[in-house]
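Just so you know, these numbers use all the heavy atoms, side chains as well, and skip hydrogens, waters and symmetry mates. Note that the structure is predicted; figures quoted are calculated from it, not measured.
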There are 2 protein chains.
Amino acid sequence: MASQPASPFPQTAADAPSAVASPPLPTVGIVGLGLIGGSLGLDLCRQGYRVLGVSRRLETCQRAVARGAVTAASQALASLAVADVIVLCTPLDALLPTVQQLLPHLSPETVLTDVGSVKQPVVATIAPLWPWFVGGHPMAGTTEQGIDAALENLFLHRPYVLTPTAQTPVTAVAQVERLARALGAAIYHCDPAEHDQAVAWISHLPVMVSTGLFQAWLREPSPTVRRLAQQLASSGFCDTSRVGGGNPELGTLMARYNREPLLASLRAYRQGLDQIIDAIEAEDWAAIAEVLHQGHQARPAFLE
Amino acid sequence: MASQPASPFPQTAADAPSAVASPPLPTVGIVGLGLIGGSLGLDLCRQGYRVLGVSRRLETCQRAVARGAVTAASQALASLAVADVIVLCTPLDALLPTVQQLLPHLSPETVLTDVGSVKQPVVATIAPLWPWFVGGHPMAGTTEQGIDAALENLFLHRPYVLTPTAQTPVTAVAQVERLARALGAAIYHCDPAEHDQAVAWISHLPVMVSTGLFQAWLREPSPTVRRLAQQLASSGFCDTSRVGGGNPELGTLMARYNREPLLASLRAYRQGLDQIIDAIEAEDWAAIAEVLHQGHQARPAFLE
């Protein structure tokens, strides 16, 4: 951690006069001031952290300052040279170029972390460039985007997954955990690949399965039946189709960056679907009842 | 329609002294006093209809009277001899035996209707036995069952589908429409087979697609990943998996009674799923973006 010369607080545990003294609040950098970066900043500023924001757009910098999501903001990555921890909140496809531009400005041992929804390719790409990188995924969001959509307490009681490797310094992990705790999030540690397979099951597979309802319905040959289906659709269809009718760009990025785990989930899904179709063709109602019973039994453990 | 000797109102249009006089309220029979039958009765009783209920269980009869869901109730189908319109609210598998026991007690031209969620097999079975039968499907419900779950205004603004055939007497259809209007429902007419294919798309296919998420997840070989998926699941998974985690008996009955339309939907769904898997395997991100875009575009027309 970079030292903070102006701080009146002891810098290390050895300096601490008593066990109750807290380490000084680190200076936090946030790159990308959208829904996630802005919401992180709102909570951290409110708790007294010094938060330095970076956005490519001047207007976003100004809005972030006006909303109290950052202490100060700049369009220059060089402004983050004084940060102790930097949270990368850009879209997945901007992550690597951002890191490459950022690295020359950093002090040694500056902690880097990200908020991307896919972890294995991110960790595999960035950790070799910067050992003080900790993969992170705060699992919260809304359907809105941009600094004006940022919300206080967005991460409260939500999962915040960290994916350190055996090589990640424990003090780097501790720095990111401290931020996650400040947000009131529930911290999980896991392997990057395990994270990616888990989110394939509960987030990326459901998007594809859900959008498949529309793909199937478009194959209905009768315009009368297609229209009637629209007219009669109610809460069941509404819920099952919700994530499949969401932001197409986001869904495509998910598939692209989490391709292998998503394919593994989709192939397992197709096997299960084939079993269901076979059982209905064979009029094996006991098998269908068993499938539905397993779903009925399994679902409560997925709800909080 | 059976006449109502005690009625002070004119019995036919020819008897009517003026255009504003309404026909007398018919006496309504309800067989099966559960959520649907009980809710129908609550609304009709409140509007002054004479409602005669039949349940196999004495306790249910007593509860229905106490709740004001029926004017009177009996365990004997013979008590419905005086009804003008009888609504069959039994489960699908009890429908035919109920009709067979009921028919000997009916006056000619007594209108029969049902509330089953599948129409083609019901109409094909019952219409030949009783020409004054009108297939019906009021599309409302809750996750609860039984007379104590019955609610006022359950059908308000909800679709009420009628599936008369070319042979169904128009006066029979008018009688059932009158009840549907009294409930405040939105009336739709369609062919029984068109109804069944439409509900396969928006109700029965989503149940199978949704429960498939659990079938797939159960194939995950890593206990750590299976557990992590449960811990990280949030609103997206919750919504997509809701109808698949519902009542297994109901889902099995749906599949059983709407087998062919459901299979047609499932086969079309599998074709769409194969296209999605093929596109992700081929890294054809434009194709995935197009699929997700079609879902995003299609969904609003399914919501009211």
Side-chain angles (χ1 to χ4, degrees), chain A residues 139 159 190 194 197-198 201-203 206 208-217 219 224-225 228-230 232-234 236-245 248 251-252 255-256 259 263 265-266 268-270 272-273 276-277 280 285 288-289 291-296 298-299 301-303, chain B residues 139 159 190 194 197-198 201-203 206 208-217 219 224-225 228-230 232-234 236-245 248 251-252 255-256 259 263 265-266 268-270 272-273 276-277 280 285 288-289 291-296 298-299 301-303:
Chain A
M139 298 183 69
C190 67
E194 286 176 345
Q197 190 61 62
W201 287 119
I202 55 101
S203 173
M208 297 302 158
V209 160
S210 176
T211 204
L213 289 172
F214 298 108
Q215 288 301 302
W217 166 81
R219 291 168 190 264
T224 306
V225 172
L228 192 61
Q230 291 175 324
L232 302 184
S234 65
F237 186 84
C238 176
D239 282 6
T240 319
S241 70
R242 183 173 69 78
V243 298
T252 308
R256 188 168 175 172
R259 180 173 169 271
L263 278 173
S265 294
L266 279 164
Y269 184 85
R270 180 162 56 183
L273 188 72
I276 289 172
I277 294 173
I280 297 176
W285 307 122
I288 291 298
V291 163
L292 292 168
H293 183 71
Q294 284 177 339
H296 184 70
R299 189 165 180 266
F302 286 85
L303 314 178
Chain B
M139 298 183 68
C190 68
E194 287 176 346
Q197 191 59 63
W201 287 119
I202 55 102
S203 173
M208 296 303 158
V209 160
S210 176
T211 204
L213 289 171
F214 299 108
Q215 288 301 302
W217 166 82
R219 291 168 191 264
T224 306
V225 173
L228 193 60
Q230 292 175 324
L232 302 184
S234 66
F237 186 84
C238 175
D239 282 5
T240 318
S241 70
R242 183 173 69 79
V243 299
T252 307
R256 189 168 175 171
R259 180 172 169 272
L263 278 174
S265 294
L266 279 165
Y269 184 85
R270 182 164 54 182
L273 188 73
I276 289 173
I277 294 173
I280 297 175
W285 307 122
I288 291 299
V291 162
L292 292 167
H293 183 71
Q294 285 177 339
H296 185 69
R299 189 165 180 267
F302 286 84
L303 314 178

Worksheet entry | Atom group of A/Q230 that falls short of 4.5 Å from chain B, counting heavy atoms | both
Fill in: Spacing of CD belonging to B/Q215 relative to CD belonging to A/Q294, to within rounding of 0.5 Å
4.5 Å
Worksheet entry | Pairs of heavy atoms under 4.5 Å with chain A: top-ranked of B/E194, B/Q197, B/R259 | B/R259
Practice prompt. Among the options A/T224, A/V291, A/L273, A/I276, pick out the one with the most heavy-atom pairs lying under 4.5 Å from chain B.
Written response: A/V291
Worksheet item: With no hydrogens and no angle check, is any side-chain donor or acceptor of B/H296 less than 3.5 Å from a backbone partner on A/P248?
Response: no
Worksheet item: Where the side chain of A/Y269 meets the backbone of B/V209, is there a donor-acceptor pair that is under 3.5 Å apart?
Response: yes
Discussion item. Once salt bridge (Lys or Arg N to Asp or Glu O under 4.0 Å) is applied, do any residues pair with A/R256, and if so which ones, sequence neighbours excluded?
Written reply: none
Item to complete: Applying side-chain contact (heavy atoms from CB on, under 4.5 Å), run through A/F237 and B/W201 and close with a yes or a no.
Response: CA-CA 9 Å; A/F237 186 84; B/W201 287 119; over 6 Å; no
Worksheet item: Using a cut-off of under 4.5 Å for heavy-atom pairs, which of B/S210, B/S241, B/G244 has the most such pairs with chain A?
Response: B/S241
Item to complete: Using non-hydrogen atoms and a 4.5 Å limit, figure out which bit of B/L213 sits close to chain A: side chain, backbone, both or neither.
Response: both
Discussion item. Between A/M208 and chain B, with a heavy-atom cut-off of 4.5 Å, which part of the residue counts as in contact: side chain, backbone, both or neither?
Written reply: both
Response to the item:
salt bridge (Lys or Arg N to Asp or Glu O under 4.0 Å) filter on A/R242, not counting sequence neighbours, yields B/D239
Fill in: Nearest heavy-atom neighbours spanning A/G295 and B/T211
CA-OG1, 4.0 Å
Worksheet item: Under 3.5 Å, is there a donor-acceptor pair between the side chain of A/R299 and the main chain of B/C238?
Response: yes
Worksheet, complete the sentence: Note: A/L292 and B/G251 closest approach over all heavy atoms is CD1-C, 3.5 Å
Fill in: Over all atoms of both residues, closest heavy-atom pair of A/A298 and B/F214
CB-CD2, 3.7 Å
Item to complete: May I ask you to test the B/I202-A/S234 pair for a side-chain heavy-atom distance under 4.5 Å?
Response: no
Practice prompt. Against chain B, work out which of A/I288, A/I277, A/V243 has the most heavy-atom pairs shorter than 4.5 Å and name it.
Written response: A/I277
Worksheet item: Looking only at heavy atoms, which two atoms of A/T252 and B/A289 are closest? And how far apart?
Response: OG1-CA, 3.3 Å
Worksheet, complete the sentence: Closest non-hydrogen contact found for A/A229 with B/A198 is N-CB, 3.9 Å
Worksheet item: What's the shortest heavy-atom distance between B/L232 and A/P159, and which atoms?
Response: CD2-CB, 3.7 Å
